[in-house]
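Small disclaimer: the values here were computed from a predicted structure and weren't measured.
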Amino acid sequence: APGMIIQTVFGPGLTYAAPALLLMTPSVLASAISIPFISILTGSKRSRLVTYLLIFTTIPRIVLLVLFTRQWSLTGTALATMLSDFLLALCCIVLARVANLSFPLRPLVRPFLLGVVAYAIGLGALLLGLPQLLAIALALLIFAYDLRRVTHSILIRQKAGE
């Protein structure tokens, strides 16, 4: 229900951008890999690798943006951006392996799975014919439940540390 979410949060003026924003949503996961990795490299003796990495991924980004935007307009731009972000994340993972850098991906597994489950529940609700607002609420319940679990875990650790 991206149109309803965009209209509720930003108003009806941006409803046309909802499919593009939905398409770009997986870029957040790619950024969760590339941004910390680039930050680690920037503060190290290997900071020159950041420049090479960004140059290497900028060329395909530009080509994809030109081709996809010309072909599919705003949706093409969103697709090109998402694919470029995933290329950068993939290059970061490969570079971390090649350069023997410790880069933990394990903390990303749980948020990724929560997103997939929430998306599946929301989509399933829509496919069953439930109203969009109810589908959104069901998807958000997944995050609310996990937030409650994390908050409870933090409180227990704080009490144990006292």
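Exactly one of Val116, Leu113, Ile121 qualifies for a side chain to side chain contact (heavy atoms under 4.5 Å, CB included) with Ile142. That residue is Ile121.
Side-chain contact between Pro131 and Leu134 is present, with at least one heavy-atom pair separated by less than 4.5 Å. Under the 4.5 Å side-chain criterion, counting only non-hydrogen atoms from C-beta, Ile62 is in contact with Thr58. Between Arg61 and Asp85, some side-chain heavy-atom pair lies under the 4.5 Å cut-off.
Taking every heavy atom of both residues into account, Ala78 and Ala20 meet most closely at CB-O, 3.4 Å. For the pair Ala135 and Gly122, the tightest heavy-atom approach, listed with the atom from each and the gap, is CB-O, 3.6 Å.
A distance of 14.5 Å separates CZ of Phe86 from OG1 of Thr57, quoted to the nearest 0.5 Å. The CZ atom of Phe56 sits 13.0 Å away from atom CG of Leu49, with the distance rounded to the nearest 0.5 Å. Taking CG of Leu90 as the reference point, atom CG of Leu95 lies at 11.0 Å (rounded to 0.5 Å). Note: Ile59 CD1 to Leu87 CG = 11.0 Å, rounded to the nearest 0.5 Å. Separation of atoms CZ (Phe68) and CG (Leu74) is listed at 14.5 Å; rounding is to 0.5 Å. Rounded to the nearest 0.5 Å, atoms CG (Leu141) and CG (Asp146) are 12.5 Å apart.
Residue pairs that meet the ring pair (Phe, Tyr, Trp, His ring centres under 6.0 Å) test with at least one member in residues 126-152, sequence neighbours left out, do not exist here. Among residues at least two apart or in separate chains, there is no side chain to side chain donor-acceptor pair (under 3.5 Å) pair with a member in residues 7-21.
One hydrophobic cluster, built from ILVMFWY side chains closer than 4.5 Å, holds both Ile93 and Val50. Under the 4.5 Å side-chain contact rule for hydrophobic residues, Leu88 and Ile40 share a cluster. By the rule that hydrophobic residues join a cluster once side-chain heavy atoms approach within less than 4.5 Å of another member, Leu127 and Ile136 end up as members of separate clusters. No path of Ile, Leu, Val, Met, Phe, Trp and Tyr side chains, each step under 4.5 Å between heavy atoms, connects Val94 with Leu53, placing them in separate hydrophobic clusters. If you chain together hydrophobic residues whose side chains sit under 4.5 Å apart, Leu54 and Phe37 fall into the same group.
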Please assess Thr81 against Thr77 for the test side-chain contact (heavy atoms from CB on, under 4.5 Å), listing each intermediate value before the final yes or no. CA-CA 6 Å; Thr81 301; Thr77 302; 4.3 Å; yes
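Looking at residues two or more places apart in sequence or on another chain, you find a side-chain contact (heavy atoms from CB on, under 4.5 Å) between Ile154 and Val150, Gln158.
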